[in-house]
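For reference, the structure discussed in these notes is given below.
The sequence lines fix the lettering, A, B, ..., with proteins before strands; numbering per chain opens at 1.
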Protein chains: 2
Amino acid sequence: MNVINASPRRKELTRLAAQLFVQEGFDRTTVRMLAQEMGIKSGSLFHHFRDKQEILAAVIEEGTQNALNIAHRALELAGDDPDSRLRAMARAHLETLFTDRNAHVVALFEWRRLDPSARAHLSHLRDAYEALWVEVIDEALEAGLIHGDRFLVSRFILGALNWTVRWYDPGGSRSPDDLADELVFMIMPKTP
Amino acid sequence: MNVINASPRRKELTRLAAQLFVQEGFDRTTVRMLAQEMGIKSGSLFHHFRDKQEILAAVIEEGTQNALNIAHRALELAGDDPDSRLRAMARAHLETLFTDRNAHVVALFEWRRLDPSARAHLSHLRDAYEALWVEVIDEALEAGLIHGDRFLVSRFILGALNWTVRWYDPGGSRSPDDLADELVFMIMPKTP
DNA sequence: TGTTCACACTAGCGCTTGCTTGGTTATACA
DNA sequence: TGTATAACCAAGCAAGCGCTAGTGTGAACA
């Protein structure tokens with residue numbers, strides 16, 4: 001089952017939905033609120049989406065697909081050096097996290113609201129993304145740049161990065177790239 | 001406004017509520033579900049709590065208060081060495097996170113559902129807890145054990161630790177203490 | 001010119017929600 | 001024995017929920 005956002009109209013509606021889902025949470029966002037934000041009546045909403053569930057799936061698919069694309073591109077540009085690959089991956093993660101912030105916050109915190117079939121489909125996308133991380137971290141471990149268990153290290157790094165959505169202020173003095181570099185510096189202080 | 005859990009009965013009800021809030025999320029947990037889990041009828045619930053909001057506040061207060069107690073005790077036992085204080089704090093964090101797991105998951109992910117007055121009251125508790133962290137991290141920075149910006153370092157560490165509730169399996173081979181030590185090792189590999 | 005189709009509307013159905021009301025029961029204390 | 005109190009129940013209200021049915025409308029295409 002593919003939930004792709006074919007029409008530009010639907011893509012725009014999905015963007016608006018993501019914003020409301022972040023503001024209010026999925027459960028507290030009613031179809032009437034969604035419709036009003038979109039400038040239509042609540043009944044008309046079901047011309048574009050089969051049900052409320054499908055809107056959620058569309059939001060999350062959009063965000064995850066973008067994350068995957070950005071990470072792939074970043075790794076292609078980064079070359080072979082494990083150090084710069086790790087840094088590139090951290091930067092890419094925060095880049096997508098804050099350009100598609102709404103979609104990612106929904107993906108991170110409303111995942112459990114997905115029904116089983118949508119979850120199965122989207123799990124593949126997410127797994128593909130995490131596989132990139134594991135690869136880069138393995139390289140850094142082998143090169144002796146960082147230390148510890150590969151599984152734990154990747155969880156800790158992703159946790160630290162994902163948690164930034166709870167406190168980071170994009171309007172502040174620090175750029176997302178600064179943040180990424182600081183994290184890499186923290187776990188890998190001796191850049192040779 | 002104090003929301004303390006005076007009676008043992010209410011304390012038990014709060015514990016049950018925490019479990020349901022984790023399982024279903026606050027919004028999807030109905031007062032009828034709560035009552036059934038407690039073995040009473042939905043109307044009777046409002047004898048113990050003014051409204052659904054107050055149950056949420058009670059859950060979060062319980063968890064945060066415990067975290068604060070445990071951290072204080074851990075720091076008293078840890079002595080003066082910045083290294084062991086940082087380690088003790090990380091261990092204490094994961095200890096409370098997994099002994100009061102339900103309450104903490106609710107505190108972390110349903111915080112926004114609190115109404116303003118409850119939030120104001122509970123913010124103080126949370127701030128007191130985070131102040132302990134900032135103190136310990138400052139000491140470790142001054143001692144040269146870890147590197148980076150004090151604000152960012154504390155956010156990254158807390159993020160990595162809090163995110164463990166999303167993937168850590170208490171039934172597995174690793175103890176929470178192992179986890180804490182691994183994180184400290186990752187950011188502070190050269191124990192002198 | 002007639003037909004189709006995307007998109008929107010109005011109206012409301014069936015159900016669930018948090019919470020209230022008025023009354024009952026068991027236990028403790030005077 | 002009489003009274004207070006904590007804990008509970010049965011019944012239901014008003015509001016809000018996701019979603020459906022049936023209809024109207026303007027642009028695109030034959």
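Ion pairing of Arg15(B) with Glu62(B) is absent here, as no side-chain N (NZ or NE/NH1/NH2) approaches a carboxylate O to less than 4.0 Å. Taking a cutoff of 4.0 Å between a charged side-chain nitrogen and a carboxylate oxygen, Asp169(A) and Arg174(A) do not qualify as a salt bridge. A salt bridge links Arg87(A) to Asp83(A): one of the charged nitrogens lies within less than 4.0 Å of a carboxylate oxygen. Salt bridge Glu142(B)/Arg150(B): absent, no basic N to carboxylate O contact under 4.0 Å. For the pair Asp81(A) and Arg85(A), the salt-bridge criterion is not met [side-chain N within less than 4.0 Å of a carboxylate O].
For the pair Lys52(A) NZ and dT20(D) P, the interatomic distance rounds to 14 Å; values are reported in whole Å. One can place CZ of Phe46(A) at 16 Å from C1' of dG22(D), the figure rounded to the nearest angstrom. Between the CG atom of Leu56(A) and the P atom of dG18(D) there is a distance of 13 Å, given to the nearest Å. Atom CZ in Arg50(A) sits about 11 Å away from atom P in dT20(D), given to the nearest Å. To the nearest angstrom, P of dC17(D) lies 13 Å from CZ of Phe26(A). With rounding to whole Å, Phe49(A) atom CZ is found 15 Å from dG18(D) atom C1'. The nearest whole Å value for the distance from the CD atom in Gln53(A) to the C1' atom in dC19(D) is 14 Å.
Qualifying side-chain contact (heavy atoms from CB on, under 4.5 Å) partners for Arg32(A), counting only residues two or more places apart in sequence or in other chains: Thr30(A), Ser42(A). Remark: Ala180(A) pairs with Ala90(A), Arg91(A), Leu94(A) by the side-chain contact (heavy atoms from CB on, under 4.5 Å) rule, at least two apart or across chains.
With Trp111(B) as the aromatic partner, Arg126(B) meets the cation-pi criteria of under 6.0 angstrom to the ring centre and within 45 degrees of the ring axis. Both the sub-6.0 Å distance and the 45° axial angle are satisfied by Lys52(A) relative to the ring of Phe26(A).
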Asn66(A) vs Thr99(A), test: side chain to side chain contact (heavy atoms under 4.5 Å, CB included). Steps then yes/no. CA-CA 10 Å; Asn66(A) 283 352; Thr99(A) 57; over 6 Å; no
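Listed by first and then second residue, the side chain to side chain donor-acceptor pair (under 3.5 Å) pairs involving residues 157-168 of chain B are His93(B)-Asn162(B) (not counting sequence neighbours).
Using a 4.0 Å cutoff to heavy atoms of chain B, the contacted part of DNA chain C runs 5' to 3' from dT17(C) to dT20(C).
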Give each protein N/O atom lying under 3.5 Å from an N/O atom of nucleotides 6-15 of chain D, with the pair distance.
{"residue": "dA7(D)", "atom": "OP2", "partner": "His47(B)", "partner atom": "NE2", "Å": "3.2"}
{"residue": "dC8(D)", "atom": "OP1", "partner": "Arg9(B)", "partner atom": "NH2", "Å": "3.0"}
{"residue": "dC8(D)", "atom": "OP2", "partner": "His48(B)", "partner atom": "NE2", "Å": "2.6"}
{"residue": "dC9(D)", "atom": "OP2", "partner": "Lys41(B)", "partner atom": "N", "Å": "2.5"}
{"residue": "dC9(D)", "atom": "OP2", "partner": "Ser44(B)", "partner atom": "OG", "Å": "3.0"}

Using Watson-Crick or G-U wobble pairs with both distances under 3.5 Å, give me DNA chain C in dot-bracket, 5' to 3', with [ ] for crossers and | for pairs to another strand. .||||||||||||||||||||||||||||.
